[in-house]
Every structure is written in structure tokens, then in C-alpha cells.
Participant: 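Have a look at the structure that comes next, please.
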There are 2 protein chains.
Amino acid sequence: MGYYSDKPRFYVAVDCIIFGVVGGRLCLLLGRRRFDPEKGKWSVMGGFVQEGESIGDAARRVLLNLTGLRDIYMEQVGAFGSVERDPGERVISIAYYALLGPGDYDPAVLQANSAEWIPLDNLPPLGFDHPLMVEKTLSLIRSRFSTEPIGFNLLPPLFTLPQLQTLYETILGQPIDKRNFRKRIAEIPSIVKTDLIDKTNSRRGASLYRFDAERFSPDSKFVIK
Amino acid sequence: MGYYSDKPRFYVAVDCIIFGVVGGRLCLLLGRRRFDPEKGKWSVMGGFVQEGESIGDAARRVLLNLTGLRDIYMEQVGAFGSVERDPGERVISIAYYALLGPGDYDPAVLQANSAEWIPLDNLPPLGFDHPLMVEKTLSLIRSRFSTEPIGFNLLPPLFTLPQLQTLYETILGQPIDKRNFRKRIAEIPSIVKTDLIDKTNSRRGASLYRFDAERFSPDSKFVIK
DNA sequence: ACAAAAGTGTTCCCGTTACACCCATGA
DNA sequence: TCATGGGTGTAACGGGAACACTTTTGT
């Protein structure tokens, strides 16, 4: 007998709001539920926390199943615990967001999991309280993107500045002056220019940059707006 | 039979990191645990989530029991779900912080609950993962205090500017120039000067101000640093 | 030659900071 | 009168925002 045996117990789930850039557009990875409740509805990817598994590990497991990767960038958004949030049974859910780069997933595996990339500006109605989770996530990552070097997680290891700028404009929801943007980037030592050029988007080509985590110190200021 | 009957279930608790200003010092409301596990250790005030009760309601219930009040300012900090965080049995906990004004609690009731105000700069060792919760809470409220008009919840309905400034200095952890601070306050329409004077702290007396929620619009800028 | 995207500096302005003295009052 | 805390303005500085043209190259 344990200490708390007179207390009620609950199903606890993790729900992962997974971001990716597909075809230049910021997307969420959504699934159509294959079972009741809310069968057929779109929802974010989730799973139940298991015995002996921390909530963070549960979220990492969901991501591992979808990507085969263990080191996906991830942060907790918060707990959602309305009584009626799941119409089937009571479930308390912890939301996490994750950022996937283009090489971090295999389209075939996603398909096998009934998961699809849906552009953020074109989301279908979501089930449960997932719209609320997505809202809270968006306001969280807006503030994170401004002050933490995490945007690179959504891009390939080598990326161009126009790519990076477009990403920031999408996340922050406003256009950014090109020259001011590049000025700020130039002041960040951890964003280093390579001598490679990407010609997929223009005749002239754009220089490729990479994020060098080695050169990033946690208390160096990183502000992009 | 429910939908999820093959899934494990967990005890879910709420832990409230409760702030108050006592004797001019910023304090946390802590309790000595009266039962195992961790009997005798200091901890923040918590309780188990009940059937049919949302996690927010559970936190409000903990606060209601301590204060008799239902409208305490409160915000979720996040979920804590390490497997071993509670040495007794596995418990997943959702942390909330709350801000109490001087009139929001009754010392006798607190005593009946084995709760005491402990200055933040003099915290005893805390049990469980409560040090982690407190850390995360502090970084959260630092950013909140800078951008949201919530500091007033820790003060009486009428407060002086020196009081408010000291509070901000404590929360932000750095001294603030008096004239610059008052200049910023003067630009905030929702902080209104009354014609009352508080003479408890000086011969000259300090003007009393109040926060007027009516005059506060959610998108008016509120920045104090 | 031209279309299409990448790249590049300077100026102005406003908000932030730094800073020192007088005021009101009770003891 | 003096000690104590409350209250007030200005000048210098720096970071942010606005702004337009040149470069490269494939077709």
C-alpha cells in the first residue's frame, strides 16, 4: 500500500505540437484520429504517459516514434486539465512543442502514422482542446524565437539568410526590414557564413550559413525582432 | 469500461508557490509536512487533484483553504513529472504561482495549516523538486512583472511608490533609479494617484496610489524595468 | 538585355540612462 | 534644527527604425 492510496488517479497524456517547414511554409504535424473518441478529427500527435516514464520522456517517445530521432528540440508548453477536455474519459495532458528540421523526418514513416504536415495558416478544425494548446504554443514560441537561438532547428544545417528571415517573419507575424535583419544576424557570432552558395532560389545564389552551437554562450544576447 | 482502460493512471497534484510581502520583505508561504514522505521538511502548499475538478480548480481550492478567497491572482508554471520526484509514490504535479496581498490571508488560518511566510532570500532547504519549481517560478514572474500589471496583487489596494519600487527591485533583483521608475509609472494611466498620504514610513508621508483595472487595456504597453 | 532575388550603409529619432538637489515633517 | 524618507527635471547617449540602389547570373 502506498502513501496516497485514498487519492484519485488520472490518465496523463502528452500532446506534441510539432513544427516543420515544408515547401517554404511553416506547418504543424497533425494526425487524423483512427479511434474514438473524436475519431476522424484532426489532432496534434500525442500519447499516454507510461509507468516509470517521465513526462518529458513520454514526449520524446512520441517524437522518436515519428522521426527515429532522440535529440529533437522540445519544450514544455503547460498542462491542460479541464474536466471535460477529452469527451471520452478524463485525461490530463501536458503539451510540448517540438521543432523539426527538413532532414529530421521520413515522409513514409509519417504516412504510416497518419500524420501530415498542414500549413499553419490553413489549419483544419482540431479536436479536444488542441486549438487552445496551439494558441498557447504560438505565443510561447514567439517570445522564444526573439530571445533564444532555436529557429535553426526548423532549417537544414546549412541555410540562407532569406530563408531565416522568412521563417522569422512567419513566426513573428510581421515583415522585417532586410537590412536591419541582416545587421542583427551579423552581430551574432554563432551564426557563421560558409563559402557555399545555394542557387535553388535565385540565379545569383545566396550564401549558406550555419549555426555554430560551440560559439554560442547562453548569456550572450540574442535578440531578433 | 472507458476508452483508455489499458493505460496507466497517476496521482496528480497541484503545488502552489504563494508569494506575499510581509514586513516589507518578499516571502513564500511554506509549510512543514506533517506526514510522510518527507515528513518535517519544508515544502510549498499543495494538494491532490480530485475527480471532477480541473487542475486550475484544484489550485484555487488549495488557495481557498488557506485564505477563504476565490479570486486570488494565479498562473500555471508548468508540469513536473520526473518518475522519482516524490519519494513516496509516483505523483505528477502541476505548479502554480499565486500573489497574495496583505489583506488576503488570516495569520491564524495560516498557522492552523502549519503555513509560514518565509523571506525569499532566506529559504530553508525544500523537499521534493520544490527548489526546481521555485526557480522556474521566479524566472516566470520576473518576465511577467516587467510586462503585466500584476505586482499590485502583492500590495494593499492603496500603496506608495516607494513600496512599489522596492517590490520591483526585489523581484527583478536589481536597483532601479528612482526618477526613471517614477517617470515610467507616470506614463501608465491605470496607476492613479489618490489624495491620500501614508505617513507610516516617513515624517513627510508618501502619496498613496491605486491600480485602476478599468483604465487598463490589455494591449496598452506596460513595461517596467 | 532583362528579370529576379541577394546583398549592402547611413541618417534620424526616440526611448533609456545617468545624475543631484530640494521638500515636508516629526521629534 | 536636524534627520529621514519623498519627490522632482534635464542632458547625453545609443539602439532601433526607416530608407533605395547595386550586384549577380541564367535565360
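Values below: all heavy atoms of this structure, side chains included; hydrogens, waters and symmetry mates excluded. In what follows, chains are A, B, ... by sequence order, proteins preceding strands, each numbered from 1.
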Participant: At less than 3.5 Å, do the side-chain atoms of A/K199 and the base atoms of D/dG26 form a donor-acceptor pair?
Facilitator: no
Participant: Between A/F19 and A/Y97, what is the ring plane arrangement, given parallel below 30°, perpendicular above 60°, and tilted in between?
Facilitator: perpendicular
Participant: Check the distance between D/dG6's C1' and B/L164's CG and give it to me in whole angstrom.
Facilitator: 15 Å
Participant: In whole angstrom, give the distance that lies between atom CG of A/N201 and atom C1' of D/dT24.
Facilitator: 15 Å
Participant: Look at the side chain of B/K183 against the base of D/dT10 and say whether a donor-acceptor pair falls under 3.5 Å; ignore hydrogens and angles.
Facilitator: yes
Participant: Find which nucleotide of DNA chain D each of A/R184 and B/D177 is nearest to by heavy atoms, and output the residue with the more 5' nucleotide.
Facilitator: B/D177
Participant: Starting from C1' on D/dA17, measure out to CD1 on A/I176 and report it in whole angstrom.
Facilitator: 13 Å
Participant: Just verifying a value: how many Å separate B/Q165 CD and B/K178 NZ, rounded to the nearest 0.5 Å?
Facilitator: 8.0 Å
Participant: Below 30° counts as parallel, above 60° as perpendicular, anything between as tilted: where do the rings of B/F216 and B/F211 land?
Facilitator: tilted
Participant: Give a yes or no on whether a donor-acceptor pair under 3.5 Å exists between the nucleobase atoms of D/dA20, that is its base, and the side chain of A/R179.
Facilitator: yes
Participant: Between the base of C/dA6 and the side chain of A/R204, is there a donor and acceptor pair under 3.5 angstrom?
Facilitator: yes
Participant: Between A/S43 and A/G127 (side chain of the first, backbone of the second, donor and acceptor by atom type, cut-off under 3.5 Å), is there such a pair?
Facilitator: no
Participant: Over how many whole Å does the gap from B/Q165 atom CD to D/dG5 atom P extend?
Facilitator: 14 Å
Participant: Does D/dT25 have its OP1 or OP2 closer than 4.0 Å to a side-chain nitrogen or oxygen of A/S202?
Facilitator: no
Participant: Just how far, in rounded Å, is C1' of D/dA18 from NZ of A/K178?
Facilitator: 15 Å
Participant: Whole angstrom is fine here: how far is it from CZ in A/R182 over to P in C/dT10?
Facilitator: 17 Å
Participant: Is a donor-acceptor contact shorter than 3.5 angstrom present between the side chain of B/K225 and the base of C/dT17?
Facilitator: no
Participant: Would you say the base of D/dA18 and the side-chain of A/N180 have a donor-acceptor pair closer than 3.5 Å?
Facilitator: yes
Participant: Would you classify B/S207 as touching base, sugar-phosphate or nothing, given that sugar-phosphate means primed atoms plus P, OP1 and OP2, and contacts are heavy atoms under 4.0 Å?
Facilitator: sugar-phosphate
Participant: Check the distance between C/dG9's P and A/F181's CZ and give it to me in whole angstrom.
Facilitator: 18 Å
Participant: Round to a whole Å and report the spacing from CG of A/L208 to P of C/dA5.
Facilitator: 17 Å
Participant: Taking 4.0 Å as the cut-off, does a side-chain nitrogen or oxygen of A/R203 come that near to OP1 or OP2 on C/dA3?
Facilitator: no
Participant: Do you see a donor-acceptor pair shorter than 3.5 Å between the side chains of A/D15 and A/S93?
Facilitator: yes
